[in-house]
A.B. asks: 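Pasting a structure below so you can have a look.
Small disclaimer: the values here were computed from a predicted structure and weren't measured. Heavy-atom basis, side chains included; hydrogens, waters and symmetry copies ignored.
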Amino acid sequence: MKNTDAIDLIHKWTQALLAERDEERSRLQLLLQDTSLKSRRAEGVTWSPVSVVRAEYAFGGAKWSLECGSGGGTEGAFRAGSAVLLTPIGSHAEVQEWGTWPARVVKMRGLAMEVLLEGEGPEGVAIQHLKWTVDARADERSFQAMAHALNHWLNTEDPELRRYRDLGLGLPGALPAQGDPSGEVGHDHSDSWTVMPVTDPSLNQQQANAVRLITSGGPVTLVHGPPGTGKTRTLVAAIQNLVDGGCKVLAAAPSNMAVDVLVERLSLNGLEVVRMGHPMRVQEHVLNRTLDALVEGDSDHGQVVALRRRAAQVQREADRYVRNFGPEERKARQLARSEARSLRRDADDMEGYLADRWLARAQVVCATLVGCDDTRLRDLKFDVVVVDEASQALPPATLIAMRRAPRLVLCGDPCQLPPTVKSQGGKVLEQTMLERGLLNAIPAVMLEVQHRMHADIMSAGNEHFYGGSLRAHPSVSDRKLDGLPPWLWVDTAGCGFNEDKLSESGSVRNVEEADFVVARASEWLDLHPGMTLGIVAPYAAQVECLTSSWQRAVQEGRVSGASEVTIHTVDGFQGQERDGMLVSLTRSNSEGRIGFLAESRRIHVAQTRARMACMLVGDSATLCQDPYLAWLVEWAQHHGCYDSAWSWLT
């Protein structure tokens with residue numbers, strides 16, 4: 001293999017990443033520059049006017065509490081972690097005087113938010129007498145982190161690092177030739193730790209094989225975990241083995257939710273875990289493992305609190321009103337403000353020291369892939385980086401994590417939805433490093449026993465995506481809900497359930513189909529009031545339709561408002577599971593347009609969320625224009641899993 005193969009691929013990814021960044025910038029620019037203030041408020045990208053009700057200093061910069069007046073914006077428009085820009089409202093001279101301030105949302109509640117400014121912010125009490133505008137801004141931080149990783153792996157000169165890179169990229173030529181013992185992938189690379197035996201008796205054969213491969217395998221190893229096969233459980237067992245053998249592990253995933261799952265499971269195993277990331281992006285049950293919480297609970301954190309209190313006191317004294325303000329008073333104020341800044345820096349330094357101490361003692365550090373670029377991790381030495389949900393990860397994001405350790409483990413299922421790509425020029429990023437590795441024979445184990453679904457729910461996807469290699473565990477293979485078929489396609493062809501497209505968003509809905517699906521949900525819950533139920537659709541507009549129909553059903557007493565029902569897009573539901581799933585496929589038109597449904601993995605994800613009952617509702621006359629959907633309808637008919645909506649309508 002020539003080094004140019006890796007360089008060409010990284011160049012393609014770099015261009016695709018730039019296309020993604022430009023798409024995001026353009027979208028926001030159109031909204032912010034070419035749209036009226038009223039429309040921007042309605043779109044949820046602007047609050048104006050906004051008042052500063054409190055300003056204080058925290059680790060990393062100034063923290064402001066903001067309130068938006070009635071009519072100044074949409075409640076909850078921004079989410080924790082969103083990048084925003086604060087601009088004072090006033091003349092050009094006032095804007096120049098006070099400056100514009102990039103910030104990040106810390107907390108959201110209705111028309112109130114807390115933001116952390118990038119820097120100490122403007123000084124003085126006058127900021128609380130000004131009105132401000134808060135605009136959404138493109139979050140360049142993740143793009144910059146990915147760009148730095150691409151640049152690092154593009155320019156690395158070390159031969160071992162190049163080989164490691166090429167294996168991670170899934171380049172066929174990176175695999176050593178047969179009979180080359182010095183570079184054989186899969187031989188014992190564990191010189192710096194002890195390889196522990198797999199002792200967990202609850203693991204099945206493939207799970208135990210995956211643990212062995214991870215703990216004693218080569219520089220890059222893969223775990224292919226189809227839905228319900230226990231891939232996270234397997235990763236936790238492998239990480240436990242690595243730690244028992246003396247490894248320090250970095251565990252990462254593309255999303256905060258997936259990282260929190262790892263934190264919870266690893267903590268339950270008794271491991272010393274530190275969770276990187278802002279607490280507002282972390283689920284409450286693992287907040288105590290965040291670096292912030294650990295530092296604040298440290299016995300030495302009182303020194304930080306004392307320094308910050310002293311800084312705040314000095315700042316108040318500097319900003320107090322003075323009737324006769326002359327040169328001496330100005331000099332005294334400057335000195336006091338300088339002292340306050342110095343005290344805040346001392347507090348930051350002390351807090352940074354405590355953070356480093358907690359990270360040094362951690363056995364496992366958990367972070368999102370972009371979070372692996374945190375400056376506090378750059379000098380830490382990890383032995384292995386493990387990436388869960390790797391089939392959802394943009395390749396440049398995976399490369400960030402790969403920089404942190406000499407061994408990489410990728411775990412996921414490329415037969416589920418790929419990472420989100422918004423631009424046409426970014427399409428090359430949809431093929432993940434996990435998928436490339438599986439296609440190019442990087443050492444891998446596939447988990448073959450699923451513990452989630454009735455065998456009928458699994459069957460179609462198993463045949464189409466996994467070549468029939470999946471098996472349902474005996475504990476779930478026949479588990480079903482009385483009176484409900486485990487898997488059923490309900491055909492709405494000829495029922496007059498026609499789609500329409502919303503002019504403002506371009507999203508698609510099908511009102512009659514939404515009502516039909518909610519009626520089926522009502523029947524299911526009448527039969528099994530305690531069941532958990534998911535209702536999904538490929539389009540946001542259809543989700544709104546389903547939600548409205550459900551709310552009407554609750555108001556009219558047709559269903560209980562206490563029922564455990566989740567309504568979401570298919571993409572938003574990935575990673576979850578319910579007792580039953582109802583899937584509204586939405587599309588019904590004479591032209592055979594199917595949009596998002598052309599991605600067969602979207603259907604696969606939708607149906608494999610179900611444990612005991614799954615119903616797909618859709619118009620075969622439209623949907624069967626797609627080869628996969630035509631195959632799926634034929635499969636349903638052949639296996640007695642097909643019915644017409646007319647069975648209910650008549």
A.B. asks: Would Arg361 and Glu272 pass as an ion pair if we require N to O under 4.0 Å?
C.D. replies: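 Salt bridge: no.
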A.B. asks: Which distance, rounded to the nearest 0.5 Å, do you find between the CG of Leu18 and the OG1 of Thr14?
C.D. replies: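 Separation between the atoms: 7.0 Å.
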A.B. asks: Go through Met402 and Leu399 one step at a time and tell me if the side chain to side chain contact (heavy atoms under 4.5 Å, CB included) criterion holds.
C.D. replies: CA-CA 5 Å; Met402 192 175 172; Leu399 290 176; 3.9 Å; yes
A.B. asks: In sequence, state the C-alpha distance, the side-chain angles, and the governing distance for Asn241 and Val198, and then conclude on side chain to side chain contact (heavy atoms under 4.5 Å, CB included).
C.D. replies: CA-CA 7 Å; Asn241 266 37; Val198 181; 4.0 Å; yes
A.B. asks: Using the side chain to side chain contact (heavy atoms under 4.5 Å, CB included) rule, take Asp388 and Leu262 through it: C-alpha gap first, then chi angles, then the decisive distance, then the call.
C.D. replies: CA-CA 8 Å; Asp388 196 9; Leu262 286 171; 4.0 Å; yes
A.B. asks: Do Glu264 and Gln283 pair up side chain to side chain, a donor and an acceptor below 3.5 Å, judged on atom types alone?
C.D. replies: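 There is no such pair between these side chains.
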A.B. asks: Report yes if the side chains of Asp383 and Val249 come closer than 4.5 Å at any heavy-atom pair, otherwise no.
C.D. replies: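 Heavy-atom side-chain distance check fails, nothing below 4.5 Å.
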A.B. asks: Is the backbone of Leu116 close enough, under 3.5 Å, to the side chain of Arg104 for a donor and an acceptor to pair up by distance?
C.D. replies: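 No.
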A.B. asks: So, Asp22 and Ser423: side-chain donor and acceptor under 3.5 Å apart, yes or no?
C.D. replies: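 The answer is no; no qualifying pair exists.
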A.B. asks: Let's go through Arg163 and Asp158 carefully: what are the C-alpha distance in whole Å and the side-chain angles of both, what is the deciding distance for salt bridge (charged side-chain N to carboxylate O under 4.0 Å, His left out) to 0.1 Å, and is it a yes or a no?
C.D. replies: CA-CA 9 Å; Arg163 178 174 177 270; Asp158 183 277; over 6 Å; no
A.B. asks: Side chain to side chain contact (heavy atoms under 4.5 Å, CB included) with His11: which residues, sequence neighbours excluded?
C.D. replies: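 Partners of His11 under the side chain to side chain contact (heavy atoms under 4.5 Å, CB included) test: Ile7, Leu154.
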A.B. asks: Short question: side chain of Asp298, backbone of Asp300 - any donor-acceptor pair under 3.5 Å?
C.D. replies: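 Judged by distance alone, yes, a pair lies under 3.5 Å.
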A.B. asks: Should the heavy atoms of other residues, nucleotides or ligands under 6.0 Å from CE of Met446 be counted, would the total exceed 12?
C.D. replies: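 More than 12 within 6.0 Å, yes.
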A.B. asks: Looking at side-chain heavy atoms only, is the closest gap between Glu140 and Arg25 below 4.5 Å?
C.D. replies: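 Yes - at least one pair of side-chain heavy atoms lies under 4.5 Å apart.
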A.B. asks: What distance separates Arg233 CZ from Ser202 OG, expressed to the nearest 0.5 Å?
C.D. replies: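 One finds 3.5 Å between CZ of Arg233 and OG of Ser202.
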A.B. asks: Check whether any side-chain heavy atom of Thr368 sits under 4.5 Å from a side-chain heavy atom of Met276, and report yes or no.
C.D. replies: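 With C-beta onward as the side chain, the pair stays apart.
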A.B. asks: What verdict does the ring pair (Phe, Tyr, Trp, His ring centres under 6.0 Å) test give for Tyr628 and His604, after you've listed the backbone C-alpha separation in whole Å, the side-chain angles of each residue and the deciding distance to 0.1 Å?
C.D. replies: CA-CA 11 Å; Tyr628 168 70; His604 180 54; 8.6 Å; no
A.B. asks: Side chains of Leu222 and His224: does their closest heavy-atom pair fall under 4.5 Å?
C.D. replies: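 Not in contact.
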A.B. asks: Who pairs with Glu577 by side chain to side chain contact (heavy atoms under 4.5 Å, CB included), at least two apart in sequence or on another chain?
C.D. replies: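 By the side chain to side chain contact (heavy atoms under 4.5 Å, CB included) rule, Glu577 matches Arg452, Arg611.
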A.B. asks: Would a distance-only check, ignoring hydrogens and angles, find a side-chain to backbone donor-acceptor pair under 3.5 Å from Gln207 to Thr229?
C.D. replies: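 Yes; at least one donor-acceptor contact below 3.5 Å.
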A.B. asks: Could you check whether any side-chain N or O of Gln574 sits under 3.5 Å from a backbone N or O of Leu417, counting only pairs where one atom can act as donor and the other as acceptor?
C.D. replies: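 Yes; at least one donor-acceptor contact below 3.5 Å.
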A.B. asks: About how many Å separate CG of Leu380 and NZ of Lys248, when rounded to the nearest 0.5 Å?
C.D. replies: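 Going from the NZ atom of Lys248 to the CG atom of Leu380 covers 6.0 Å.
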A.B. asks: For Asp379, does the CG atom have more than 12 heavy-atom neighbours from other residues, nucleotides or ligands under 6.0 Å away?
C.D. replies: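 No - once you tally the heavy atoms of other residues, nucleotides and ligands closer than 6.0 Å, there are 12 at most.
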A.B. asks: Is the count of non-hydrogen atoms from other residues, nucleotides or ligands lying under 6.0 Å from Gln205 atom CD greater than 12?
C.D. replies: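 Counting neighbours around CD of Gln205, 12 or fewer heavy atoms of other residues, nucleotides or ligands fall under 6.0 Å, so no.
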A.B. asks: So does Val282 get a backbone contact from the side chain of Asn256, meaning a donor-acceptor N/O pair under 3.5 Å?
C.D. replies: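 Side chain of Asn256 to backbone of Val282: no pair is present.
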A.B. asks: Give a yes or no answer on whether the side chain of Arg137 reaches the backbone of Ala103 with a donor-acceptor pair at less than 3.5 Å.
C.D. replies: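 Judged by distance alone, yes, a pair lies under 3.5 Å.
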A.B. asks: Has Arg609 got a side-chain atom pairing as donor or acceptor with Val605's backbone, closer than 3.5 angstrom?
C.D. replies: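 Looks like yes, one N/O pair under 3.5 Å.
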A.B. asks: Given 3.5 Å as the limit, does a donor-acceptor pair link the side chain of Trp153 with the main chain of Arg165, or not?
C.D. replies: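 No; judged by distance alone, with no hydrogens or angles, the pair does not exist.
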A.B. asks: Measuring only between side-chain heavy atoms, which start at C-beta, is Ile400 closer than 4.5 Å to Pro396?
C.D. replies: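 The answer is no, as the side chains (C-beta and beyond) never meet within the 4.5 Å cut-off.
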A.B. asks: So that I can tick it off, tell me whether Asp571 and Arg601 are bridged by a salt bridge, with the cut-off set at under 4.0 angstrom between side-chain N and carboxylate O.
C.D. replies: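 Looking at Asp571 together with Arg601, the answer is no, because their closest N to O distance does not fall below 4.0 Å.
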A.B. asks: How many angstroms lie between CG in Leu359 and CG in Leu354, if you round to the nearest 0.5 Å?
C.D. replies: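 Atom-to-atom, Leu359:CG and Leu354:CG are 11.0 Å apart.
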A.B. asks: Using modelled atom types only, decide if a donor and an acceptor are shared between the side chain of Glu20 and the backbone of Lys422 within a distance under 3.5 Å.
C.D. replies: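 The answer is yes, because a donor-acceptor pair under 3.5 Å joins these two groups.
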A.B. asks: Enter the distance from Leu287:CG to His285:NE2 here, rounded to the nearest 0.5 Å.
C.D. replies: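 That separation rounds to 9.0 Å.
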A.B. asks: For Phe596, is the CZ atom crowded, meaning more than 12 foreign heavy atoms sit under 6.0 Å from it?
C.D. replies: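 Atom CZ in Phe596 is not crowded, with 12 or fewer foreign heavy atoms closer than 6.0 Å.
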A.B. asks: So if I apply the side chain to side chain contact (heavy atoms under 4.5 Å, CB included) rule between Arg308 and each of Arg344, Met350, Glu351, Gln303, which one comes out positive?
C.D. replies: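 So the option named by the test is Glu351.
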A.B. asks: Just so I know, are the side chains of Leu439 and Glu435 near enough to count as touching, which here means a heavy-atom distance under 4.5 Å?
C.D. replies: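 Sidechains of Glu435 and Leu439: in contact.
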A.B. asks: Does the side chain of Gln416 reach to within under 4.5 Å of the side chain of Pro227, using non-hydrogen atoms?
C.D. replies: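 Answer yes - side chains close enough.
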A.B. asks: Could you go through Tyr164 and Glu160, starting from their C-alpha distance and side-chain angles, then the distance that decides it, and tell me whether this counts as side chain to side chain contact (heavy atoms under 4.5 Å, CB included)?
C.D. replies: CA-CA 6 Å; Tyr164 176 46; Glu160 282 300 311; over 6 Å; no
A.B. asks: Using the rule side chain to side chain contact (heavy atoms under 4.5 Å, CB included), only one of Val386, Val384, Leu167, Ile214 pairs with Thr221; which is it?
C.D. replies: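 Answer to the side chain to side chain contact (heavy atoms under 4.5 Å, CB included) test with Thr221 among Val386, Val384, Leu167, Ile214: Ile214.
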A.B. asks: Between atom NE2 of His464 and atom SG of Cys415, what is the distance when rounded to the nearest 0.5 Å?
C.D. replies: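 Those atoms lie 9.5 Å apart.
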A.B. asks: Evaluate salt bridge (charged side-chain N to carboxylate O under 4.0 Å, His left out) for Glu430 paired with Lys427, printing each intermediate quantity in order.
C.D. replies: CA-CA 6 Å; Glu430 288 185 341; Lys427 291 297 183 183; 3.6 Å; yes
A.B. asks: So, for Ala237 and Val211, which heavy atoms are closest and what is the spacing to 0.1 Å?
C.D. replies: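 Scanning both residues completely, I find the closest heavy atoms to be CB-CG2, 4.0 Å.
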A.B. asks: Do Lys231 and Asp413 have side-chain heavy atoms sitting under 4.5 Å apart?
C.D. replies: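 Not touching, per the 4.5 Å side-chain cut-off.
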A.B. asks: Would you find a donor on one side and an acceptor on the other, under 3.5 Å apart, between the side chain of Arg436 and the backbone of Leu169?
C.D. replies: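 Checked: pair present.
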